[in-house]
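Data block below; observations after.
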Amino acid sequence: MLNYWLIKSEPDTYSWKDLENEEIGTWDGVRNYQARNNLRAMRLGDKCLFYHSVTHKSIVGVCEVCEEAFMDTSYGNENPNWYAVRVKPVFAFKNAVSLAQIKENPNLAGISLLRQTRLSVCPLSQTEFEELLRMGDNDEL
DNA sequence: GCCAACGTTGGC
DNA sequence: GCCAACGTTGGC
């Protein structure tokens with residue numbers, strides 16, 4: 001059973017373009033237990049929407065989990081508390097979906113992006129995922 | 001630049 | 001175990 005996620009990054013730090021250039025991106029540096037638990041729940045093939053926070057505030061693409069959680073050594077390898085995953089880009093949104101559009105859409109009233117603004121790795125329902133794809137004028141997966 | 005919403009730390 | 005102080009994230 002496929003699950004859906006939304007992962008945030010400040011584009012000045014790591015952008016969708018950076019992920020496309022790398023082809024496989026390592027999602028590390030998460031230092032929040034709830035976000036970490038979400039990372040650990042990710043399974044191969046799960047789809048993630050890529051959200052540009054702070055300066056852009058828009059969903060810009062879909063990526064896919066290509067390596068499940070492994071120990072995050074980005075702060076040294078002495079701390080077993082933190083995990084990372086790897087993702088690869090699937091496609092860029094035709095039209096980026098802005099935070100304002102998300103707030104305006106009553107079908108997305110319960111989305112965790114709005115309910116827990118500081119959570120950098122959020123779960124999405126399949127309905128929310130599909131609604132966001134539609135808003136970005138994307139073809140079905 | 002400011003502020004809301006958390007999360008963490010440390011004193012008691 | 002409580003709470004004040006502080007730090008971080010992210011929207012406005």
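Everything quoted here is computed from the prediction, not taken from an experiment. All chains are named by letter (A, B, ...) in the order of the sequence lines, taking the proteins before the strands, and each is independently numbered beginning at 1.
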Item to check | A/E10 CD to C/dG10 P, straight-line distance once rounded to whole Å | outcome: 7 Å
Checklist entry - Is the gap between the ring centers of A/Y51 and A/W5 under 6.0 Å? => result no
Item to check | Point-to-point distance, once rounded to the nearest 0.5 Å, from CG of A/L133 to NZ of A/K94 | outcome: 11.0 Å
Checklist outcome for this item: Rounded to whole Å, the CD1-C1' distance (A/I7 to C/dT9) equals 17 Å
Checklist entry - When we call it a touch if two heavy atoms are under 4.0 Å apart, what does A/L119 touch: a base, just sugar-phosphate, or nothing? => result nothing
Next on the checklist: I'd like to know if A/D72 pairs up with A/R36 as an ion pair, taking the criterion as any Lys NZ or Arg NE/NH1/NH2 lying under 4.0 Å from an Asp or Glu carboxylate oxygen.
Outcome noted: no
Checklist entry - For C/dT9, does OP1 or OP2 lie under 4.0 Å from any side-chain N or O of A/Y51? => result no
Item to check | Aromatic ring proximity A/W27/A/F50, centre distance under 6.0 Å | outcome: yes
Checklist entry - Does the side chain of A/L108 reach to within under 4.5 Å of the side chain of A/E131, using non-hydrogen atoms? => result yes
Item to check | B/S/- contact track for nucleotides 1-8 of chain B, protein heavy atom under 4.0 Å | outcome: ----BBSS
Next on the checklist: Check this one for me: any side-chain N or O of A/K8 less than 4.0 Å away from OP1 or OP2 of C/dG10?
Outcome noted: yes
Checklist entry - Looking at A/E23 and A/K88, does any basic side-chain N land under 4.0 Å from a carboxylate oxygen? => result no
